[in-house]
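See structure below.
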Amino acid sequence: MADQGDLSGRIPAPGGARPPWRELEGLRPLTLRECRRLVVVAPHPRDEIRAAGGLLRRLAARHASVDVLALTDGPGRTCTPPDGLAVPPAPDRPVGDLVVRPDDLADPDTLASVLARLDEASSESDDDPVTETPVDSEEAALEDAYEALGVAEVRRHRLGLPDAGLAGREADVVAALSEIVGFADDPHGLCVLAPWSGDGDDDHEAAGRAAEVVCAAYRVRLVRWLDQAWSWAGPESAEVPWRRARQLALSETVRARKLAASAAFGGRPGRDRELPDGSAPGPREVFLV
């Protein structure tokens, strides 16, 4: 076993055994003190929450503004629940049938809620139909997810590119990201967060390459997240530039918030088929800088 501080890039022993993730404890911490605006390049819904939800929460707590460039509307992956950590309940959803109990009328707050719901039910039953704007379920879920993370405001930009087809649309990603980055009022306080271009997923790698092109052109700091790399790489994998790796340690509260954010997309998140042990990369997020 390598020393805890040895992240030199040696290839792991054969046999498919995953190296102990405690070796990542020796990574230097990620510091983005000068970041006042974060632009996130998200290949699929939820990718950024899964890989970097803790970082999003930390920067938002420091009053950094957050833009998310959503590249596709394709399926995203859920966060894997750490063992022994309770998952907070999903955000409340309106129920169809309204039941009023006598005890409800004794509490002023409950009564006000009941009256508001009665008014809503009454307005829906009027003879004259009311035209309502269709609800985008994906956008509603993302709004709930960011609320669960504790990120109050997110500006979202949707490209609607084909899922599993970003490799053929990198020019579109470069153009869209350039429009956001190129007109930044404070380029020195701007950071771009994107997947690592060697992550192992075609869409992630295409998004990462596009982010590298734009950040190099505008001289903007780029922070790369690792996601699917955890299914094939370990602390001794030569393919990962571990000397550029930084970690963000997550408290149990932040981990619980990430799980609540994932639950906003529907129930308790299950184990990811590609990350079977549910621990990668442990109680931390890992980035390449």
Side-chain angles (χ1 to χ4, degrees), residues 37-53 55-56 59-60 65-79 90-91 93 131-149 151-184 190-218 220 222-228 258 261-267 269 272 274:
R37 183 184 179 192
L38 182 70
V39 177
V40 184
V41 183
H44 312 105
R46 292 179 269 184
D47 278 352
E48 76 278 17
I49 293 174
R50 168 192 171 91
L55 179 60
L56 291 171
L59 291 177
S65 62
V66 179
D67 290 76
V68 176
L69 176 60
L71 304 184
T72 78
D73 297 326
R77 304 175 178 87
T78 59
C79 301
R93 303 287 187 185
T131 302
E132 295 183 357
T133 303
V135 177
D136 187 322
S137 59
E138 189 70 43
E139 285 296 315
L142 283 164
E143 183 177 347
D144 288 340
Y146 277 102
E147 182 178 352
L149 273 181
V151 181
E153 184 177 351
V154 176
R155 291 186 294 268
R156 287 183 54 77
H157 315 264
R158 294 175 65 174
L159 280 188
L161 298 177
D163 181 32
L166 292 184
R169 304 292 294 271
E170 285 186 38
D172 294 326
V173 180
V174 169
L177 184 56
S178 295
E179 285 201 16
I180 300 174
V181 172
F183 292 96
L190 177 66
C191 295
V192 171
L193 177 65
W196 173 42
S197 59
D199 194 51
D201 177 278
D202 288 344
D203 280 352
H204 290 197
E205 294 188 356
R209 289 192 297 268
E212 289 172 355
V213 169
V214 173
C215 289
Y218 289 97
V220 170
L222 174 62
V223 179
R224 306 159 178 87
W225 76 61
L226 280 72
D227 184 7
Q228 292 308 292
K258 286 183 67 172
S262 182
F265 293 89
D272 193 305
E274 298 182 38

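Keep in mind it's a predicted model, so treat the numbers as computed, not measured. No hydrogens, no waters, no symmetry mates; every other heavy atom, side chains included, goes into these values.
The two residues Trp225 and Ala51 make their nearest non-hydrogen contact at CD1-CB, 3.3 Å. When all heavy atoms of Leu190 and Val181 are compared, the pair lying nearest together is CD2-CG1, 3.8 Å. Closest of all the heavy-atom pairs between Asp203 and Ala164 is OD2-N, 2.7 Å. The two residues Val173 and Ala210 come nearest to each other via the heavy atoms CG1-CB, 3.5 Å.
You'll find the side chain of Arg209 stays beyond 4.5 Å of the side chain of Leu166, heavy atoms only. Inter-residue side-chain proximity for Asp67 and Leu69 is flagged as unmet; no heavy-atom pair is nearer than 4.5 Å. Two residues are said to be in side-chain contact when any heavy atoms from C-beta on lie closer than 4.5 Å; Leu149 and Lys258 meet this criterion. Within the 4.5 Å cutoff, no side-chain heavy atoms of Asp227 are placed close to those of Asp201.
Arg50 CZ to Ser262 OG: the interatomic distance, rounded to the nearest 0.5 Å, is 9.0 Å. Rounded to the nearest 0.5 Å, atoms CG (Leu177) and NE2 (His157) are 10.0 Å apart.
No donor-acceptor pair closer than 3.5 Å links the side chain of Thr72 to the backbone N or O of Leu161. Of the possible donor and acceptor atoms, one in the side chain of Asp199 sits under 3.5 Å from a partner among the backbone N and O of Gln228.
In this structure, Ala152 has no side chain to side chain contact (heavy atoms under 4.5 Å, CB included) partners at least two apart in sequence or on a different chain. Qualifying side chain to side chain contact (heavy atoms under 4.5 Å, CB included) partners for Glu212, counting only residues two or more places apart in sequence or in other chains: Ser197, Leu222, Arg224.
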* May I have the step-by-step check of side-chain contact (heavy atoms from CB on, under 4.5 Å) for Leu38 and Glu48, ending in yes or no? => CA-CA 12 Å; Leu38 182 70; Glu48 76 278 17; over 6 Å; no
* Asked: Do Val41 and Val192 pass the side-chain contact (heavy atoms from CB on, under 4.5 Å) test, and can you show the C-alpha distance, the side-chain angles, and the key distance before you say yes or no?
  -> CA-CA 7 Å; Val41 183; Val192 171; 4.1 Å; yes
* To do: Would you please test Glu139 and Arg158 for side-chain contact (heavy atoms from CB on, under 4.5 Å) and show each step?
  => CA-CA 10 Å; Glu139 285 296 315; Arg158 294 175 65 174; 3.0 Å; yes
* Asked: How far apart are the C-alpha atoms of Val68 and Tyr146, what are their side-chain angles, what is the distance that settles it, and do they pass the side-chain contact (heavy atoms from CB on, under 4.5 Å) test?
  -> CA-CA 11 Å; Val68 176; Tyr146 277 102; 3.4 Å; yes
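When the shell of 6.0 Å around CD of Glu143 is examined, it contains 12 or fewer heavy atoms from other residues, nucleotides or ligands.
Between His44 and His204, the ring-plane angle classifies as tilted under the 30° and 60° cut-offs.
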